[in-house]
Amino acid sequence: MATIDLNCDLGESFGNFRVGNDEEVLSLVTSANVATGFHAGDPLVMLTTVRNAKANSVRIGAHVGYRDLAGFGRRFIDYDLDQLTAEVLYQIGALQAACRASGTEVEYVKPHGALYNRIARDAKQAQAVIAAMKLADPQLALMGLAGSPVLAWAEEAGLSTISETFADRAYENDGSLVPRSQPGAVHESVDEAAGQALNFALGEPITAVDGTKVSVAADSICVHGDNPHALTVVRTIRDTLTKNGIAVSS
């Protein structure tokens with residue numbers, strides 16, 4: 001039977017600000033990208049999310065980002081590279097502590113938002129993130145945009161990688177994501193997101209924003225936790241994959 005990992009960005013609430021339906025989503029996904037406090041999340045939310053992930057046998061990843069709480073980590077920042085390495089290391093360490101306290105572990109790192117998109121093709125910032133991962137734990141895997149150079153750079157540095165695709169995002173014809181600043185960047189239709197996820201899982205081409213077909217290889221499929229319909233999207237994707245003989249597993 002074919003299998004595919006299903007991941008979601010979680011633990012993004014902080015203080016009195018609430019995002020998503022984490023508890024319900026954790027019963028459906030197989031990997032959780034847990035916010036580490038810089039773009040979203042706080043210590044209590046992080047610890048609670050880790051405990052809930054463990055209870056659901058969900059793999060845990062550090063969802064590290066730029067220090068940009070006000071911009072939800074979606075604004076590009078030019079960093080001193082040593083500072084970026086230190087800040088990514090700091091975030092991974094915080095989640096590692098929460099995991100150790102909960103009897104589980106961080107297995108991978110998935111950068112968030114602007115950092116994710118920047119390192120996909122920016123070798124300098126990518127190497128800063130890779131350096132932080134190797135300092136934190138050389139066994140960590142890097143989850144990154146399928147087909148992007150950062151995955152090859154990470155492998156050259158000795159890290160394992162996870163090629164990620166997005167069920168709820170539109171794609172350009174070169175396999176990159178349509179920028180959020182452009183109309184249609186996020187799929188509003190639950191059925192459209194589920195159909196795109198099914199194509200990824202089956203290894204079939206998806207339809208790019210310009211109508212052309214593009215093939216994108218996937219180890220893991222993401223649904224954004226801050227999507228107001230995230231729970232419905234995840235549930236529909238799981239049902240669609242199951243009906244087509246595909247098991248969801250990390």
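These figures come from a predicted structure and were not determined experimentally. The first residue of the sequence shown is numbered 1, and numbering continues consecutively from there. Heavy atoms only: backbone and side chains are in, while hydrogens, waters and symmetry mates are out.
- Under a hydrophobic clustering in which Ile, Leu, Val, Met, Phe, Trp and Tyr are joined whenever their side-chain heavy atoms come within less than 4.5 Å, directly or via other members, Leu6 and Leu231 fall into the same cluster.
- The six-membered or imidazole ring of Phe72 lies near that of His112, with a centre-to-centre distance under 6.0 Å.
- In this structure the side chain of Thr240 never reaches within 4.5 angstrom of the side chain of Lys243, judged on heavy atoms.
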Please evaluate residues Thr85 and Val129 with respect to the criterion side-chain contact (heavy atoms from CB on, under 4.5 Å), reporting the C-alpha separation (whole Å), side-chain torsions for both, the decisive distance (0.1 Å), and the verdict. CA-CA 6 Å; Thr85 295; Val129 172; over 6 Å; no

For residues 144-162, which side-chain donor-acceptor pairs fall under 3.5 Å, sequence neighbours excluded?
residue: Ser148; atom: OG; partner: Leu145; partner atom: O; Å: 2.6
residue: Glu155; atom: OE2; partner: Thr161; partner atom: OG1; Å: 2.6

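- Put simply, the residue from Thr165, Thr30, Asn7, Asn33 that forms a side-chain hydrogen bond (donor to acceptor under 3.5 Å, both in side chains) with Ser220 is Asn7.
- With Cys222 as the partner, the side-chain contact (heavy atoms from CB on, under 4.5 Å) test is satisfied by one option alone out of Met143, Glu164, Arg169: Glu164.
- Counting only N and O atoms by type, the side chains of Tyr79 and Glu87 include a donor and acceptor under 3.5 Å apart.
- Between the OG1 atom in Thr36 and the CD atom in Gln96 there is a gap of 11.0 Å [rounded to 0.5 Å].
- A salt bridge does not link Arg74 with Asp68: none of the charged nitrogens is closer than 4.0 Å to a carboxylate oxygen.
- Residues Thr212 and Asp210 bring a donor and an acceptor atom of their side chains to less than 3.5 Å of each other.
- Shown here for Cys99 and Val106, the closest heavy-atom pair between the two residues is SG-CG2, 3.7 Å.
- Residues His39 and Glu12 have side chains that bring a donor and an acceptor to within less than 3.5 angstrom of each other.
- Of the inter-residue distances, the one linking Asn21 atom CG with Ser27 atom OG reads 10.5 Å to the nearest 0.5 angstrom.
- In this structure, Arg67 and Gln91 have side chains that are not in contact, with every pair of non-hydrogen atoms separated by 4.5 Å or more.
- When side chains are defined from C-beta on, Ile206 does not count as touching Lys213, because their heavy atoms never get closer than 4.5 Å.
- The shortest side-chain heavy-atom distance between Leu95 and Val50 falls under the 4.5 Å cut-off.
- At a threshold of 4.5 Å between side-chain heavy atoms, the hydrophobic network of Ile, Leu, Val, Met, Phe, Trp and Tyr places Val190 and Val248 in one connected group.
- Distance check, rounded to the nearest 0.5 Å: CG of Leu26 to SG of Cys8 gives 8.0 Å.
- Listed here is the closest heavy atom pair of Ser176 and Arg121: CB-NH2, 4.1 Å.
- The closest side-chain heavy-atom distance from Thr48 to Leu44 is below 4.5 Å.
- Between Asp174 and Val214 there is no side-chain heavy-atom pair separated by less than 4.5 Å.
- Ring-centre distance between Phe166 and Phe200: not below the 6.0 Å cut-off.
- Atom NZ of Lys110 is separated from atom NE2 of His63 by 5.0 Å, given to the nearest 0.5 angstrom.
- Ring orientation note: the planes of Tyr90 and Phe38 are tilted relative to one another, at an angle of 30° to 60°.
- A distance of 9.5 Å separates OG in Ser102 from CG in Asn52, rounded to the nearest 0.5 Å.
- Remark: Lys124 does not engage Asp78 in a salt bridge, criterion side-chain N to carboxylate O under 4.0 Å.
- In terms of heavy-atom proximity, Ile92 sits nearest to Ala136 at CG2-CB, 3.7 Å.
- Side-chain heavy atoms closer than 4.5 Å link hydrophobic residues (I, L, V, M, F, W, Y) into clusters, and following such links, even through other members, never connects Tyr108 to Leu115.
- A pairwise comparison of heavy atoms in Leu47 and Ala98 identifies CD1-O, 3.8 Å as the closest pair.
- Expressed to the nearest 0.5 Å, how far NZ of Lys134 lies from CG of Leu140 amounts to 12.0 Å.
- The minimum heavy-atom distance linking Ala167 with Ile237 is given by the pair CB-CD1, 3.6 Å.
- For Gln125 against Asp122, the heavy-atom pair with the smallest separation is N-OD1, 3.2 Å.
- Chaining together hydrophobic side chains whose heavy atoms lie under 4.5 Å apart leaves Val45 on its own.
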